[in-house]
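Down below is the structure, laid out as structure tokens.
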Amino acid sequence: MRDAGRADESSYFGSVPRVDAAGPDTRPVGPDDLADVATLFDGQRNTRHCWCMAFCVSRRQFAVGWLTGGNRHRFEAMAASGGTPMGILASVSGEPVGWCACGPRSRYAATDGGRSKVLRDRERNEDDIVWLLPCLFVRAGFRGQGVTHALIRAAVELARSEGALAIEGWPTAGSDRGSADAFLGRERVFGDLGFSCVGRPTPQRAIMRFELT
């Protein structure tokens with residue numbers, strides 16, 4: 001999910017508090033959290049249409065869902081199914097400020113090879129027991145305050161509690177990060193949190209893995 005600019009966000013949220021030293025509150029997203037997710041996603045032009053479905057469906061399904069609201073309906077239906085949580089929501093003083101998608105690799109159509117070649121060398125027999133963290137989003141005004149780190153830590157603990165073998169991310173490689181790739185995360189951040197690089201499918205991407213056994 002990509003940043004659509006600060007003007008749209010500031011008019012929606014107004015002034016924002018700073019993250020205190022204790023960091024944001026984080027929690028897994030299930031059916032009872034959909035209103036808070038909507039508060040966060042509706043604050044940006046792109047997130048309000050995306051609803052983090054880009055990696056869960058085909059390219060055509062995603063495009064149609066962008067125009068029709070189908071992406072939101074699909075996310076809500078998946079969250080309401082009572083299965084694995086859809087990801088992690090971060091809040092500060094009760095205000096939603098950040099999100100990361102995570103779940104078994106088998107949840108994400110992008111891992112099947114038709115949409116993305118980034119994970120083409122990953123073991124397919126691990127798709128149900130290895131998790132993927134494909135997307136991160138932090139509201140402007142809260143970036144650079146440790147929210148991303150808190151989200152990734154919480155995703156690791158959720159994967160551990162769900163019995164995953166490992167959790168992987170596919171962030172941008174190196175220190176350079178274009179705005180179009182901001183939602184992938186940065187290799188350095190994953191490395192700071194104990195992930196190891198296990199592949200470089202392109203010069204711009206790294207596969208970062210945290211073992212949970």
Side-chain angles (χ1 to χ4, degrees), residues 1-13 28-91 95-120 127 131-143 147-148 151 155 168-172 177-186 201-202 204-205:
M1 288 181 284
R2 301 173 185 175
D3 185 0
R6 296 194 176 190
D8 182 59
E9 179 205 61
S10 60
S11 63
Y12 183 85
F13 287 105
V29 169
D32 296 337
D33 304 292
L34 292 174
D36 284 342
V37 174
T39 296
L40 178 65
F41 287 177
D42 284 348
Q44 294 280 347
R45 289 191 301 272
N46 282 358
T47 53
R48 74 171 64 110
H49 296 296
C50 177
W51 275 77
C52 226
M53 287 291 103
F55 301 117
C56 294
V57 297
S58 70
R59 193 180 298 273
R60 182 181 182 280
Q61 287 173 317
F62 178 71
V64 171
W66 182 282
L67 297 173
T68 64
N71 290 331
R72 175 173 183 167
H73 296 322
R74 187 173 287 111
F75 182 100
E76 291 177 336
M78 292 171 68
S81 70
T84 304
M86 297 297 292
I88 301 292
L89 186 69
S91 301
E95 283 288 324
V97 302
W99 155 261
C100 79
C102 59
R105 281 199 317 227
S106 55
R107 170 182 286 167
Y108 300 103
T111 68
D112 292 337
R115 291 193 55 215
S116 173
K117 296 181 179 179
V118 175
L119 298 180
R120 63 180 177 269
D127 281 355
W131 277 34
L132 178 66
L133 197 166
C135 185
L136 289 150
F137 172 73
V138 178
R139 255 173 61 190
F142 289 91
R143 295 166 192 164
V147 177
T148 295
L151 286 166
E168 296 178 341
W170 50 7
T172 55
R177 180 183 68 176
S179 60
D181 294 330
F183 66 97
L184 300 171
R186 302 173 71 175
T202 75
Q204 295 78 35
R205 299 288 284 280

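In what follows, every heavy atom counts, from backbone to side chain, and hydrogens, waters and symmetry copies are set aside.
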Tell me, with the steps shown, if Arg205 and Leu184 meet side chain to side chain contact (heavy atoms under 4.5 Å, CB included).
-> CA-CA 9 Å; Arg205 299 288 284 280; Leu184 300 171; 3.6 Å; yes
I would like to know whether Trp51 and Val37 meet side chain to side chain contact (heavy atoms under 4.5 Å, CB included); could you show each step before the answer?
-> CA-CA 9 Å; Trp51 275 77; Val37 174; 3.7 Å; yes
Any chance you could lay out the side chain to side chain contact (heavy atoms under 4.5 Å, CB included) test for Thr84 and Trp131, step after step, and finish with the verdict?
-> CA-CA 11 Å; Thr84 304; Trp131 277 34; 3.4 Å; yes
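Aromatic rings of Trp170 and Phe55 (six-membered ring for Trp) have centroids within the 6.0 Å cut-off, being under it.
The distance from atom CH2 of Trp99 to atom SG of Cys135, rounded to the nearest 0.5 Å, is 8.5 Å. A distance of 7.5 Å separates SG of Cys52 from CE of Met86, quoted to the nearest 0.5 Å. Once rounded to the nearest 0.5 Å, the distance linking CG of Leu89 with CG of Leu151 reads 8.0 Å.
Judged purely by atom type and a 3.5 angstrom limit, Arg107 has no side-chain atom pairing as donor or acceptor with the backbone of Cys56. Judged purely by atom type and a 3.5 angstrom limit, Ser91 has no side-chain atom pairing as donor or acceptor with the backbone of Val97.
Leu136 is listed as a side-chain neighbour of Cys100, based on a closest heavy-atom distance under 4.5 Å. In this structure, the side chains of Phe137 and Leu40 come closer than 4.5 Å at one or more pairs of heavy atoms. In this structure, the side chains of Asp127 and Tyr108 stay at 4.5 Å or more apart for every pair of heavy atoms. Looking at Gln61 and Met53, their side chains never come closer than 4.5 Å, going by heavy atoms from C-beta outward.
Taking both residues in full, the closest heavy atoms of Arg139 and Pro96 are given as NH1-O, 3.0 Å, listed atom of the first, atom of the second, then distance. Nearest heavy-atom pair, Pro28 versus Asp33, reported as atom, atom and distance to 0.1 Å: O-OD2, 3.2 Å. Counting all heavy atoms, side chain and backbone alike, Cys102 lies closest to Ala155 at SG-CB, 4.0 Å. Nearest approach of Arg105 to Leu132, heavy atoms of both residues: CG-CB, 3.7 Å. Considering every non-hydrogen atom in both Gly43 and Arg48, the closest pair reads C-NH2, 4.1 Å.
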Distance-only donor-acceptor hits, side chain of residues 64-72, under 3.5 Å, sequence neighbours excluded:
unit_1	atom_1	unit_2	atom_2	d
Thr68	OG1	Val64	O	2.9
Thr68	OG1	Gly70	N	3.3
Asn71	ND2	His49	O	3.0
Asn71	ND2	Phe62	O	3.2
Arg72	NE	Glu76	OE2	3.0

